[in-house]
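First up is the structure itself, then whatever we jot down about it.
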Amino acid sequence: MPWSEWVRTVEIEPSLYSADFSRLGEQILVLMRAGVRIFHFDVGDGYFVPPITIGPVVLQSIAPIIHGEGGVVDCHLMIFHPERHFEALADAGADSVTVHVEACQDLPLVVRSARERKLQVGLAFNPETDPRAAAGSANHVGVDFVLCMSIHPGYSGQEFMPEAIDRVRAVRELLPPSVLIQVDGGIGPKNIRELTEAGASMLVAGTSIFGREDLPRAYRRLVQALA
């Protein structure tokens, strides 16, 4: 199924990097029953970003829960040579992989490799990367969505960079409507609507959901901020 068919008008994606791993399956089910459809799964290698995060072993344990409730897993690969891990991630239950333009030496090869494993593909770019260059790369290789980082990738809980709104607007103008815009980092009720007005339709939320005790209420608070 094309990625655009998974995404409703706007999707709020809880970032599992911020979850309570002692209750991961339980928290996923609670959020899906509150209306969540897509979960964001961060993979860090300790090189492209400082922390080593989670990988296929964890994904394999939660993907059946998410798929069983009709959801999908969106894997954000903050790693060098991401193509080396596509097969393991696909086998573990990934539905999409997002790679960083800054981390890929041969981006066309990386995208082809993901497609061969029936994975949807996103292209991320960091705050220091020119949006025009990121959009040009996305248009050249043909991706399903572009991820505009609104923090420096690696650690959850960072403050939102306001200049990301202009960067979202810039890439939206340079991409065809079929290519969606995702934003990740520091998203909450105060900025989520402005980001969607700039052209984003996939909003990754970590601590603004998992940093609160009542997860459904935290999710609904973001949904209501869009209204």
Kindly give the heavy-atom pair with the smallest separation between D95 and V72, and that separation in Å. OD2-CA, 3.2 Å

Whether R112 side chain and V141 backbone form a donor-acceptor pair below 3.5 Å: no

One pair to check against side chain to side chain contact (heavy atoms under 4.5 Å, CB included): I12 and V36. What are the steps and the verdict? CA-CA 7 Å; I12 298 169; V36 170; over 6 Å; no

Cationic N near anionic O, under 4.0 Å, D144 to R115: yes

Could you state whether F210 and V223 fall into the same hydrophobic cluster, counting links through intermediate Ile, Leu, Val, Met, Phe, Trp or Tyr residues with side-chain heavy atoms under 4.5 angstrom apart? yes

Donor-acceptor check, side chain of Q158 to backbone of H152, threshold 3.5 angstrom: yes or no? yes

Give a yes or no on whether E194 atom CD has more than 12 heavy-atom contacts from other residues, nucleotides or ligands under 6.0 Å away. no

Consider only side-chain heavy atoms of I, L, V, M, F, W and Y, link residues closer than 4.5 Å, and tell whether L119 and V43 are in one cluster. yes

Do I62 and F39 come within less than 4.5 Å of each other through their side chains, counting heavy atoms only? no

H81 and Q105 side chains, donor-acceptor separation under 3.5 Å: no

Closest non-hydrogen contact found for P14 with I38 is CD-O, 3.4 Å

Closest heavy-atom pair and its distance - P176, N139: CD-OD1, 3.2 Å

Closest non-hydrogen atoms of I65 and G25, given as atom of the first, atom of the second and distance, are CD1-CA, 4.0 Å

Mind running side chain to side chain contact (heavy atoms under 4.5 Å, CB included) on I28 and L24 for me, showing each step along the way? CA-CA 6 Å; I28 287 170; L24 188 54; 4.1 Å; yes

S201 vs E11, side chain to side chain donor-acceptor pair (under 3.5 Å): CA-CA, chis, key distance, verdict: CA-CA 6 Å; S201 55; E11 291 287 348; over 6 Å; no

Are the side chain of Y219 and the backbone of G35 linked by a donor-acceptor contact shorter than 3.5 Å? yes

Do the ring planes of H76 and H40 sit parallel (below 30°), tilted (30 to 60°) or perpendicular (above 60°)? tilted

Please report the closest heavy-atom contact between V110 and F86, naming both atoms and the distance. O-CE1, 3.3 Å

Under 3.5 Å, is there a donor-acceptor pair between the D184 and S15 side chains? no

Are M78 and V73 connected in the hydrophobic side-chain network, where two residues link if heavy atoms are under 4.5 Å apart? no

Take I151 and E159, measure what side chain to side chain contact (heavy atoms under 4.5 Å, CB included) needs, and give me the verdict at the end. CA-CA 7 Å; I151 59 172; E159 289 190 11; over 6 Å; no

Indicate yes or no for a side-chain donor-acceptor contact from S208 to the backbone of A205 under 3.5 Å, with no hydrogens or angles considered. no

Contact summary for A164 and S150, nearest pair of heavy atoms: CB-CB, 3.6 Å

Could you go step by step and tell me if D74 and S96 meet the side chain to side chain donor-acceptor pair (under 3.5 Å) rule? CA-CA 5 Å; D74 171 25; S96 71; 2.8 Å; yes

Worked verdict on L77 versus D45 for side chain to side chain contact (heavy atoms under 4.5 Å, CB included): CA-CA 9 Å; L77 307 186; D45 61 2; over 6 Å; no

Please say whether more than 12 non-hydrogen atoms of neighbouring residues, nucleotides or ligands are located less than 6.0 Å from CD in E163. yes

Under a 3.5 Å distance rule, please check whether S113 uses its side chain to pair with a backbone N or O of L109 as donor and acceptor. no

Between R193 and E197, does any NZ, NE, NH1 or NH2 come within less than 4.0 Å of an OD or OE carboxylate oxygen? yes

May I have the step-by-step check of ring-ring contact (aromatic ring centres under 6.0 Å, His included) for H100 and F48, ending in yes or no? CA-CA 9 Å; H100 275 260; F48 182 71; 4.9 Å; yes

Less than 4.5 Å apart, side chain to side chain, heavy atoms only: is that true for V168 and V183? yes

Side-chain donor/acceptor of D214 to backbone N/O of R217, under 3.5 Å: yes

Using a cut-off of 6.0 Å, state whether more than 12 heavy atoms not belonging to H67 lie near its atom NE2. yes

Is the gap between the ring centers of Y47 and F80 under 6.0 Å? no

Note, R212 side chain near R221 side chain (heavy atom, < 4.5 Å): yes

Decide if atom CZ of R132 counts as having more than 12 heavy atoms of other residues, nucleotides or ligands within a radius under 6.0 Å. no

Counting C-beta onward and ignoring hydrogens, is there a side-chain heavy-atom pair between F125 and D130 closer than 4.5 Å? no

For the residue pair Q182 and E13, confirm or rule out a side-chain donor-acceptor distance under 3.5 Å. yes

